[in-house]
Amino acid sequence: MSRVYNFCSGPAALPEAVLKKAQAEMLDWHGAGVSVMEMSHRSTEFMSILASAKARLTRLLNINEDYDVLFVQGGASTLFAQIPANLAAGFDSACYLDTGAWSSKAIKEAQKYTTVNVVASSKSQNYTTVPEFSSLTLDESAAYLHLCPNETIGGLEFADLPETNLPIVADLSSTILSRNIDVSKYGLIYAGAQKNVGPAGVVICIIRKDLLARCNDSLPTVWNFAHLAENDSMINTPPTFAIYLADLVFEWLEEQGGVDAMEVMNIRKAETLYEYIDQSTFYANPIDPAYRSRMNVPFTLANESLESLFLEESEAAGLRTLAGHRSVGGMRASIYNAMPMEGIEALIDFMRGFEKRHG
Ligand SMILES: *Cc1c(COP(=O)(O)O)cnc(C)c1O
């Protein structure tokens with residue numbers, strides 16, 4: 001068996017130490033005589049795992065007591081609908097910022113529940129940049145402002161938030177825990193687990209408690225954030241194994257020095273890769289340098305006809321899943337927390353060699 005460097009955008013690479021720990025605990029979790037997958041979600045064992053995951057995430061992101069941490073079933077796409085259903089009832093509209101494929105999808109789903117006001121879009125610039133926040137006009141009576149600070153497909157990331165009194169709702173699926181954020185600036189943060197947290201099937205949802213008053217009883221019970229909060233994310237059976245793996249990833253993050261240490265590493269990894277791409281005439285990245293993603297690095301080859309060969313040879317060299325999203329083409333290296341610096345170095349070595357052979 002040999003593990004490769006996995007650049008998949010999601011489900012993405014997990015820290016090897018986490019997989020090994022899960023493997024060691026697979027048949028008999030802490031003397032329970034069963035695996036986590038086989039135990040009641042109401043057992044004291046699983047309740048301790050859930051509590052641990054919640055406590056670790058709360059520490060890692062410095063979440064204060066104004067917020068509830070929920071583990072929601074489904075994907076981030078589920079929350080595209082669940083969020084307007086919960087938070088926009090009783091409001092005339094919700095504001096959305098459009099910076100790429102994922103914010104566009106969130107907009108489409110929200111339109112089924114409320115009037116969506118797209119306050120700015122960088123679509124005409126092919127989503128290579130972020131609209132100026134200073135020119136935004138936000139209707140302060142809207143339900144919230146939604147944005148996606150890391151566009152996983154386009155490879156676009158921004159850290160600053162617009163000035164507004166509206167609750168900011170952010171899709172952090174591909175950037176959560178990769179850099180420091182000030183949770184108190186947000187009304188709701190959500191993130192599908194399979195990029196930076198764990199296996200697919202669970203979504204982290206951090207919600208400011210005052211917003212729970214908006215969630216009305218006509219919602220399906222399992223969709224209702226207020227009910228989820230009251231029942232500690234256990235209205236029904238939660239995705240127990242995904243939550244357990246997330247807890248192991250949070251433990252690993254704490255051992256690495258937390259989000260601060262990850263951010264330092266992630267800056268180094270991304271800068272090294274972008275620097276290499278920029279000095280080359282064979283590879284290019286189309287994104288405004290001010291907004292390049294630290295997590296998802298798309299790049300094109302000067303000669304498009306070499307793309308399939310690039311993928312074939314990189315795969316053979318132990319560099320997996322470098323194809324860009326089917327909607328944009330080209331290449332994309334997703335370099336989340338679990339990707340070590342050695343993976344970046346191996347990728348650059350390969351890219352240099354490929355350019356030499358075919359450039
Ligand atoms: C992957 C991703 C999604 C979709 O996640 P699913 O869990 O597949 O629904 C949504 N938003 C962003 C930013 C993503 O990266």
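Note: hydrogens, waters and symmetry copies are ignored here, and every other heavy atom, side chains too, is used. Both counts, for ligands and for their atoms, begin at 1 and track the order of listing.
Around the CD atom of Q279, the shell of radius 6.0 Å holds more than 12 heavy atoms that belong to other residues, nucleotides or ligands. Residue K20 qualifies as open at atom NZ: its count of foreign heavy atoms under 6.0 Å is 12 or below.
Considering only residues two or more places apart in sequence or on other chains, D278 meets the salt bridge (Lys or Arg N to Asp or Glu O under 4.0 Å) condition with R292. Not counting sequence neighbours, the partners of E313 by the side chain to side chain donor-acceptor pair (under 3.5 Å) test are R357, H358.
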Using residues 51-58 as the side-chain source, report each donor-acceptor pair under 3.5 Å to any protein atom, sequence neighbours left out, with the distance given to one decimal.
residue : atom : partner : partner atom : Å
S52     : OG   : R56     : NE           : 3.3
S52     : OG   : D247    : OD1          : 2.8
S52     : OG   : D247    : OD2          : 3.1
K54     : NZ   : D232    : OD1          : 2.6
R56     : NE   : D247    : OD1          : 2.9
R56     : NH1  : E254    : OE1          : 2.9
T58     : OG1  : K54     : O            : 2.6

Every pair of nitrogen or oxygen atoms between ligand 1 and the protein that is under 3.5 angstrom apart - can you list them with their distances to 0.1 Å?
residue  : atom   : partner : partner atom : Å
ligand 1 : 7 (O)  : A76     : N            : 3.1
ligand 1 : 7 (O)  : Q194    : NE2          : 2.8
ligand 1 : 8 (O)  : Q194    : NE2          : 3.4
ligand 1 : 9 (O)  : A76     : N            : 3.2
ligand 1 : 9 (O)  : S77     : N            : 2.8
ligand 1 : 9 (O)  : S77     : OG           : 2.6
ligand 1 : 11 (N) : D171    : OD2          : 2.6
ligand 1 : 15 (O) : T152    : OG1          : 2.4
ligand 1 : 15 (O) : K195    : NZ           : 2.6

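The CG atom of L219 lies 9.0 Å from the CZ atom of F225; values are rounded to the nearest 0.5 Å.
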